[in-house]
2 protein chains.
Amino acid sequence: MKLSEAKAQFISSWGAFGTHWGINRTMAQIHALLLISPDPITQDDIMEQLNISRGNVNMNTRELISWGLVERVLIPGERREFFTAEKDIWKVATQIIKERKKRELDPMLKLLGQLEQIDGDKKDKNVKQFVDTVGGIRKFGGQADKMLDVMIKADENWFLGSLLKFFK
Amino acid sequence: MKLSEAKAQFISSWGAFGTHWGINRTMAQIHALLLISPDPITQDDIMEQLNISRGNVNMNTRELISWGLVERVLIPGERREFFTAEKDIWKVATQIIKERKKRELDPMLKLLGQLEQIDGDKKDKNVKQFVDTVGGIRKFGGQADKMLDVMIKADENWFLGSLLKFFK
DNA sequence: ATTTATTTTCAATAAGTTTTGAAAATTCAA
DNA sequence: TTGAATTTTCAAAACTTATTGAAAATAAAT
């Protein structure tokens, strides 16, 4: 297989993959393109390689930046802005985990905590099932939360870092 | 807070949560409703409680069944079919992990393996970056795959089960 | 065998999301 | 400043996905 063909396949399937994870196709494709580009590239490069409009590139690169996965870089003597992606997959993964935890898991756990405080007869099986379910999810979510914190901190902590090295 | 109010909030936010995970809102809402229902309920109950059409309930319950999260139950003397959800959150989570692994991770790893075999000069930085990126993702994905297998098997294995009990 | 209850299907439609592209804003250089 | 290059914005259009509802299929009861 030639590089150009492999590239196209990688970008396309990374895009499809993204849609199963709440990420829009184009954003994932831009990310894929940046991951396999050795040097920083411009808006126009992205437009050309993915056949998408300027506005689309602009919105999605901003979103990737807000996720901490992509950076703007200034090339001396160049007027235009260039983009580059973090290439260390471990860092990419922890960054995504960190953001999703903050955006989704933490607020959900907060809500579940509130929902557990309903008033009602604990002998009513409807009340009991509700409290049990919500409690169960909150407990499970709390454990997941702690586990993810460990993973996120691994990079910043020598001991955990060496412990988890074999995963890299 | 009253039960009815808490129920509505739980269903609505579980639905919103689902959309961030590639699950459609209604499917997640039906799942939420079943999770907090102590007894099996009918299509009509779901239609009424969530204000959705019969066809919609039908499609989404089938989908939940195909994910192994919901079961049809036959109530003696009843003509209609009833639905009930697995209530053990640990089982729900491992079931979801199992399915997503099968549907998404495994095929992705297969593809990445193929993409690594491109022909081209390894000294070309474009080729090098491509191979490094794809290789890195594949390696990471492979580790995640193994880790998930451990989690999934925990329920079927006494030793791992007791090891992971504290997470439950 | 016929009626009645219930479930399933799927074309049409509605709702939601993404993309475009051109105008406005910004940035830099002369 | 002014003008050219570049980036940003956002309303409208295109596209994608979810939902409806009524007809067809199936299953149970008489």
Side-chain angles (χ1 to χ4, degrees), chain A residues 11-34 40-67 69-84 103-104, chain B residues 11-34 40-67 69-84 103-104:
Chain A
I11 290 168
S12 139
S13 43
W14 199 247
F17 199 64
T19 59
H20 289 125
W21 291 89
I23 290 151
N24 93 38
R25 186 186 310 287
T26 305
M27 182 171 150
Q29 288 186 347
I30 294 175
H31 190 216
L33 175 61
L34 288 167
I41 60 176
T42 63
Q43 265 201 351
D44 292 79
D45 295 330
I46 299 171
M47 285 169 65
E48 194 185 313
Q49 297 217 40
L50 303 181
N51 264 296
I52 56 178
S53 73
R54 185 175 301 285
N56 200 357
V57 172
N58 196 277
M59 293 195 88
N60 283 296
T61 48
R62 304 174 129 269
E63 189 67 9
L64 283 164
I65 290 168
S66 93
W67 276 78
L69 299 172
V70 166
E71 277 194 330
R72 271 175 226 280
V73 284
L74 293 169
I75 305 254
E78 273 282 3
R79 172 108 177 238
R80 291 169 305 168
E81 289 179 327
F82 286 70
F83 298 95
T84 190
R103 295 172 191 213
E104 296 160 32
Chain B
I11 290 168
S12 139
S13 43
W14 200 248
F17 198 64
T19 59
H20 289 125
W21 291 89
I23 291 153
N24 95 36
R25 187 187 307 287
T26 306
M27 182 170 149
Q29 288 186 348
I30 294 175
H31 189 216
L33 175 61
L34 288 167
I41 60 177
T42 63
Q43 266 201 351
D44 292 80
D45 294 331
I46 298 171
M47 286 169 65
E48 193 184 314
Q49 297 216 39
L50 303 181
N51 264 297
I52 56 179
S53 74
R54 183 175 302 284
N56 200 358
V57 171
N58 196 279
M59 294 197 88
N60 283 296
T61 47
R62 301 173 131 270
E63 189 67 10
L64 283 165
I65 290 167
S66 94
W67 277 77
L69 299 172
V70 165
E71 277 194 331
R72 270 175 226 281
V73 285
L74 293 169
I75 304 252
E78 272 283 2
R79 174 111 174 231
R80 291 168 303 168
E81 289 178 328
F82 286 70
F83 297 94
T84 190
R103 294 172 191 213
E104 296 161 33

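Per chain, numbering begins at 1; letters A, B, ... match sequence-line order.
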Kindly list each side-chain donor-acceptor pair under 3.5 angstrom involving residues 71-78 of chain A, sequence neighbours excluded, with atom names and distances?
from     : atom 1 : to       : atom 2 : distance (Å)
Arg72(A) : NH1    : Glu81(A) : OE1    : 2.9

Length of the [atom1]-[atom2] vector between [X] and [N], whole Å:
X        : N       : atom1 : atom2 : result
Arg54(A) : dA5(D)  : CZ    : C1'   : 10 Å
Glu81(A) : dT6(D)  : CD    : P     : 11 Å
Asn60(B) : dA18(D) : CG    : P     : 9 Å

When the nearest nucleotide of DNA chain D is assigned to Arg80(A) and to Asn56(A) on a heavy-atom basis, which residue is associated with the more 5' position?
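Mapping each residue to its closest nucleotide by heavy atoms, the 5'-most match is Arg80(A).
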
Which residues share a side-chain contact (heavy atoms from CB on, under 4.5 Å) with [X], sequence neighbours left out:
X        : value
Ser12(B) : none
Leu69(A) : His31(A), Leu64(A), Trp67(A), Val92(A), Gln95(A), Ile96(A)
Ser53(B) : Asn56(B)
Asn24(B) : Thr26(B), Met27(B), Asn60(B)

Salt bridge (Lys or Arg N to Asp or Glu O under 4.0 Å) partners of Arg79(A), counting only residues at least two apart:
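Once residues adjacent in sequence are excluded, Arg79(A) has no partner under the salt bridge (Lys or Arg N to Asp or Glu O under 4.0 Å) criterion.
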
Could you work out, with salt bridge (Lys or Arg N to Asp or Glu O under 4.0 Å) as the rule, every residue matching Arg25(B), not counting sequence neighbours?
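Partners of Arg25(B) by the salt bridge (Lys or Arg N to Asp or Glu O under 4.0 Å) criterion come out as none, since no residue qualifies.
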
Does Arg62(A) reach a base, just sugar-phosphate, or nothing at all? Heavy atoms under 4.0 Å.
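Since only primed, P, OP1 and OP2 atoms lie under 4.0 Å of Arg62(A), the category is sugar-phosphate.
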
Mind running a 4.0 Å heavy-atom check of residues 18-33 of chain B against DNA chain C and sending the residues that fall below it, in number order?
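The stretch gives none, as no residue of it lies under 4.0 Å from the strand.
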
In terms of heavy-atom contacts, does CE of Met59(A) have more than 12 from other residues, nucleotides or ligands at under 6.0 Å?
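For Met59(A), atom CE is not crowded (no more than 12 foreign heavy atoms under 6.0 Å).
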
Gap between atom [atom2] of [Y] and atom [atom1] of [X] - 0.5 Å precision:
X        : Y        : atom1 : atom2 : answer
Ile46(A) : Thr42(A) : CD1   : OG1   : 7.0 Å
Leu34(B) : Gln29(B) : CG    : CD    : 12.0 Å
Ile30(A) : Met47(A) : CD1   : CE    : 11.0 Å

Just grab all the salt bridge (charged side-chain N to carboxylate O under 4.0 Å, His left out) pairs involving residues 43-57 of chain A, residues at least two apart or on different chains.
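The answer is Asp44(A)-Arg54(A).
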
Anything under 3.5 Å between a protein N or O and an N or O of nucleotides 27-29 of chain D, put it in a table, one pair a line.
from    : atom 1 : to       : atom 2 : distance (Å)
dA27(D) : N3     : Arg79(B) : NH2    : 3.1
dA28(D) : O4'    : Arg79(B) : NE     : 3.4

Stretch residues 41-52 of chain A: residues that reach within less than 4.0 Å of DNA chain D through a heavy atom:
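Result for residues 41-52 of chain A: Gln43(A), sorted by number.
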
Bounds of contact between DNA chain C and chain A, in 5' to 3' order, using a heavy-atom cut-off under 4.0 Å
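On DNA chain C, the outermost contacted nucleotides are dT18(C) to dC28(C).
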
Considering all heavy atoms of both residues, which atom of Glu104(A) and which atom of Phe17(B) are nearest to each other, and what is their separation?
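Result for this residue pair: O-CE1, 3.7 Å.
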
